[in-house]
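Naming: A, B, ... by sequence-line order, numbering from 1 per chain.
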2 protein chains.
Amino acid sequence: MKNYSRQREAILNVLRSTDTHPTASRIYEMVQQSLPNISLGTVYRNLSALSKSGEILSLDVGDGFEHFDGDISSHAHLHCRSCGCITDMPLKGELIFSAVQEYGFSPDTLSCVVYGICKDCNQN
Amino acid sequence: MKNYSRQREAILNVLRSTDTHPTASRIYEMVQQSLPNISLGTVYRNLSALSKSGEILSLDVGDGFEHFDGDISSHAHLHCRSCGCITDMPLKGELIFSAVQEYGFSPDTLSCVVYGICKDCNQN
DNA sequence: CCCCAAATCAGTAATGATTACTATTTTATT
DNA sequence: AATAAAATAGTAATCATTACTGATTTGGGG
């Protein structure tokens, strides 16, 4: 049996059933629908544990909030300076990873954030 | 005449004469050597202005601190999980930028952070 | 089924990087 | 020199995140 608490399962479920990149407090709100008594500290603690174990990704786009991503496949993030949205884009990390190794650096994770204006904001 | 204050000039000089990626409070310490009475708020305000105007880069590696970079040429950052150092690596952004545009996204800045273990930490 | 120890929790308090505020000083122009 | 606008030093406030504490849950024997 997995050594997961109900709380941790619920957090993981929330993250795996969205393609948004919610913050801790947004995740807190979403998990409250199935576990009304969960505490914010529990959300933070489990997000930290899941991130450390590699089951989820932590993402920092410089807006003052830590964002989380249940999709750990290799992809880049497009962050809109206007509306703040974060969208995914496939990205092969091999090229960058091999270049990195020439520096004696052993890579484990790649975080690629492109800043700009998203499609919707461009049209409005 | 540039509408730069002495304080802003000093901050820019500090950033352009190092290849480290200092935090605001480290920059504060460094600038104090030439301007002992500068205040931390002034450092933050000018870093924010310089970053907005594109003269410097703001960099977030997820260690809880905002880092700043006086080198605005296209390059990736290698962040060591062991010692916390940040080193530069040349990176052509064209490939990623052109892919991004297929999403209707207008890119202006690319932030690429590779996490792992640096050369020195690998040897110790 | 019951006990126990380890893990996790809910709730709250503390932390600390960053931002906001205010009275003063500097700067640019006339 | 006078004036108005901009920037500053110093301090107070903000708020996302982390730490803490006593209670609850969990799993493994006996």
Tell me the salt bridge (Lys or Arg N to Asp or Glu O under 4.0 Å) pairs involving residues 88-98 of chain A, sequence neighbours left out? none

Which angle, rounded to 10°, do you find between the first-five-pair axis and the last-five-pair axis of the helix from C:dC1-D:dG30 to C:dT30-D:dA1? 30°

Parallel under 30°, tilted from 30 to 60°, perpendicular over 60°: which one fits the rings of B:H75 and B:H21? tilted

Measure the distance from CZ on B:R8 to C1' on D:dT8 and round it to the nearest whole Å. 12 Å

Distance check: side-chain N/O of A:Q7 vs OP1/OP2 of D:dT25, anything under 4.0 Å? no

Can you find a side-chain donor-acceptor pair between B:R26 and B:T18 that sits under 3.5 Å? no

Could you tell me how far apart B:L35 (CG) and D:dA7 (P) are, to the nearest whole angstrom? 16 Å

If only atom types and distance count, is the side chain of B:D69 paired as donor or acceptor with the main-chain N or O of B:I56 below 3.5 Å? no

Less than 3.5 Å apart, any donor N or O on the side chain of B:Q7 or B:T42 sitting next to an acceptor on the other? no

Tell me: CD of A:E9 to P of D:dT25, nearest whole Å? 18 Å

Rounded off to whole Å, could you give me the CG-to-P distance for the A:D60 and C:dA17 pair? 15 Å

In whole angstrom, what separates A:N37's CG from D:dT25's P? 11 Å

Assess the side chains of A:T109 and B:R81: does a donor N or O sit below 3.5 Å from an acceptor N or O? yes

Over all heavy atoms of both residues, which pair between A:P107 and B:V114 is shortest? Give the atoms and the distance, please. CB-CG1, 3.6 Å

Just N and O in the side chain of B:S5: are any of them under 4.0 Å from OP1 or OP2 of D:dT8? yes

Roughly how many Å is it from CG in B:L47 to C1' in D:dA7, rounded to a whole number? 15 Å

A side-chain contact here means heavy atoms from C-beta on lying under 4.5 Å apart; do A:I11 and A:I27 qualify? yes

Considering only heavy atoms from C-beta outward, does the side chain of B:L57 approach that of B:S51 to under 4.5 Å? no

Could you walk me through whether A:L59 and A:F68 pass the side-chain contact (heavy atoms from CB on, under 4.5 Å) check? CA-CA 6 Å; A:L59 170 64; A:F68 296 91; over 6 Å; no

Just the table, please: protein N/O against nucleotides 19-24 of chain C N/O, every pair under 3.5 Å.
none

Please list all pairs meeting ring pair (Phe, Tyr, Trp, His ring centres under 6.0 Å) that have one or both residues in residues 35-65 of chain B, counting only residues at least two apart or in different chains. none

What's the CD1-C1' distance between B:I38 and C:dT25, to the nearest Å? 15 Å

Quick one, which residues of residues 17-30 of chain B touch DNA chain D with a heavy atom under 4.0 Å? none

How close do A:Y115 and A:D60 get, heavy atom to heavy atom, and via which atoms? OH-O, 4.4 Å

Does A:L110 share a hydrophobic cluster with A:V100, counting links as ILVMFWY side-chain heavy atoms below 4.5 Å and allowing steps through other members? yes

Whole angstrom is fine here: how far is it from NZ in B:K52 over to P in C:dT18? 14 Å

Checking the side chain of B:S106 only, and the main-chain atoms of A:G116 only, is there a donor and an acceptor separated by less than 3.5 Å? no

Protein-nucleotides 13-15 of chain C N/O pairs under 3.5 Å:
none

Is any side-chain nitrogen or oxygen of B:S39 closer than 4.0 Å to OP1 or OP2 of D:dT8? no

